[in-house]
There are 2 protein chains.
Amino acid sequence: MTRKEARSRCPIATSLDIFGDRWSLLVVRDLMFTDRRTYGEFLAAGEGMATNVLAQRLEHLDCAGIIARTIDPTDGRRAMYRLTPKGMDLAPMLLEMVVWAAAHEETDAPPKLVAAMKRDRKRFIAGLRKVHGE
Amino acid sequence: MTRKEARSRCPIATSLDIFGDRWSLLVVRDLMFTDRRTYGEFLAAGEGMATNVLAQRLEHLDCAGIIARTIDPTDGRRAMYRLTPKGMDLAPMLLEMVVWAAAHEETDAPPKLVAAMKRDRKRFIAGLRKVHGE
DNA sequence: GATAACACTTGCTATTTGCAAGTTATCTTC
DNA sequence: GAAGATAACTTGCAAATAGCAAGTGTTATC
């Protein structure tokens with residue numbers, strides 16, 4: 001997916017230039033809400049992402065500064081990914097996306113989790129940041 | 001863009017099935033934040049969307065219940081679009097996207113507007129809802 | 001050294017996007 | 001009423017991306 005030169009500089013257009021596709025935010029989701037950290041784990045997430053697409057998305061998110069890649073010191077084959085602070089700052093948006101979908105679509109989000117998100121967004125996000133060592 | 005059968009029922013995956021592409025949220029943006037309401041106006045927004053892509057996106061958002069289409073009573077050629085309540089409920093997510101992009105990317109969002117969003121999200125969203133007659 | 005695992009890469013097909021001309025219905029002007 | 005303009009798409013083709021599955025190179029294990 002070659003990114004054309006920037007369109008407007010509108011924040012939403014700018015954001016969509018970075019993650020306006022079907023797969024990127026799924027990677028961010030896994031890093032944010034689950035303990036998946038490797039290429040193989042993202043592939044195994046059950047979303048049906050193709051290997052070339054995942055590789056390209058990881059690289060793009062890395063270049064955008066949303067995720068960071070390191071090599072597992074205990075296994076030189078394994079690349080580990082984590083969210084950067086810039087990536088963590090996507091939490092409010094992802095949270096609102098969860099809340100929206102839970103209200104308007106059929107999802108398997110645990111009702112208690114959604115309720116916790118809606119009850120106190122700031123607290124929920126603070127909890128995520130703590131988990132991620134921020 | 002043929003939508004494959006649903007992947008996981010995760011809220012984020014579900015949402016991305018609906019608007020996980022480069023163009024859909026730009027339509028929602030225009031309806032939410034500007035006074036663009038017609039096919040021609042969306043095309044003229046300066047984002048470089050192709051005509052066939054716009055037509056398909058409008059239809060898809062209509063089918064998803066996010067926008068609604070009516071014919072302008074004063075001009076039978078003109079289709080007018082508006083956000084449904086379901087579409088309006090995307091406001092918090094769009095707002096967080098704006099805030100994120102303003103913080104991490106170079107955008108032309110007016111600083112005062114971004115500050116108003118960050119200062120009191122609920123109030124800003126209430127203002128949007130009032131403008132949209134909710 | 002043989003085998004396996006990890007992270008991609010590659011070659012090909014299928015699908016979508018992008019471009020620009022085309023079509024149809026409605027409106028405006030004369 | 002006819003001619004011209006406009007609005008919303010549609011269409012045909014080229015370009016780009018997604019998807020599939022086999023392949024490759026490095027590292028780890030036995």
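First the proteins, then the strands, lettered A, B, ... as listed; each starts at 1. Fair warning: this is a prediction, and the values are worked out from it, not measured in the lab.
- The nearest whole Å value for the distance from the CZ atom in B:Phe42 to the P atom in D:dC9 is 10 Å.
- Rounded to an integer number of Å, the gap from CG of B:Asn52 to C1' of D:dA14 is 12 Å.
- OP1 or OP2 of C:dC8 has at least one side-chain nitrogen or oxygen of A:Arg69 nearer than 4.0 Å.
- Here D:dA18 is the nucleotide among C:dC8, D:dA18, D:dT10 with the atom lying nearest to any side-chain atom of A:Trp23.
- Atom CD1 in A:Ile71 sits roughly 9 Å away from atom P in C:dA7 (whole-Å rounding).
- Separation of atoms CH2 (A:Trp100) and CD (A:Glu105) is listed at 5.0 Å; rounding is to 0.5 Å.
- If A:Arg78 and A:Glu59 are placed on DNA chain C by their nearest nucleotide, the residue sitting closer to the 5' end is A:Arg78.
- Shown are A:Arg123, A:Lys122, A:Arg129; of these, the side-chain contact (heavy atoms from CB on, under 4.5 Å) with A:Ile125 is made only by A:Arg129.
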Each nucleotide N or O in nucleotides 26-30 of chain D that has a protein N or O under 3.5 Å away: list the pair and distance.
unit_1 : atom_1 : unit_2  : atom_2 : d
D:dT27 : O3'    : A:Gly76 : N      : 3.3
D:dT27 : O2     : A:Arg77 : NH1    : 3.4
D:dA28 : OP1    : A:Gly76 : N      : 2.7

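- Between B:Asp21 atom CG and C:dT17 atom P the separation is 7 Å, expressed in whole Å.
- In this structure, CE on A:Met88 lies 14.0 Å from CD1 on A:Ile67, to the nearest 0.5 angstrom.
- In terms of phosphate contacts, A:Tyr81 brings no side-chain nitrogen or oxygen within less than 4.0 Å of OP1 or OP2 of C:dA7.
- Ring centroids of A:Trp23 and A:Phe42 are separated by 6.0 Å or more, keeping the two rings apart.
- Ion pair B:Asp30/B:Arg36 flagged as a salt bridge, since at least one NZ, NE, NH1 or NH2 atom sits closer than 4.0 Å to an Asp/Glu carboxylate oxygen.
- In the set C:dG18, C:dT9, D:dA8, the nucleotide with an atom closest to the side chain of B:Ala50 is C:dG18.
- The separation between A:Arg36 atom CZ and C:dA7 atom P is 14 Å, rounded to whole Å.
- A side-chain donor from one of A:Asp21 and A:Ser24 sits under 3.5 Å from a side-chain acceptor of the other.
- A donor-acceptor contact under 3.5 angstrom links the side-chain atoms of B:Thr51 to the base of C:dA20.
- Rounded to an integer number of Å, the gap from A:Glu41 CD to C:dA7 C1' is 13 Å.
- Between A:Arg37 atom CZ and C:dC6 atom P the separation is 17 Å, expressed in whole Å.
- Summarising the geometry, the separation between CE on B:Met49 and P on C:dC19 is reported as 12 Å, rounded to the nearest angstrom.
- Residues A:Arg37 and A:Tyr81 have side chains that never bring a donor and an acceptor to within less than 3.5 angstrom of each other.
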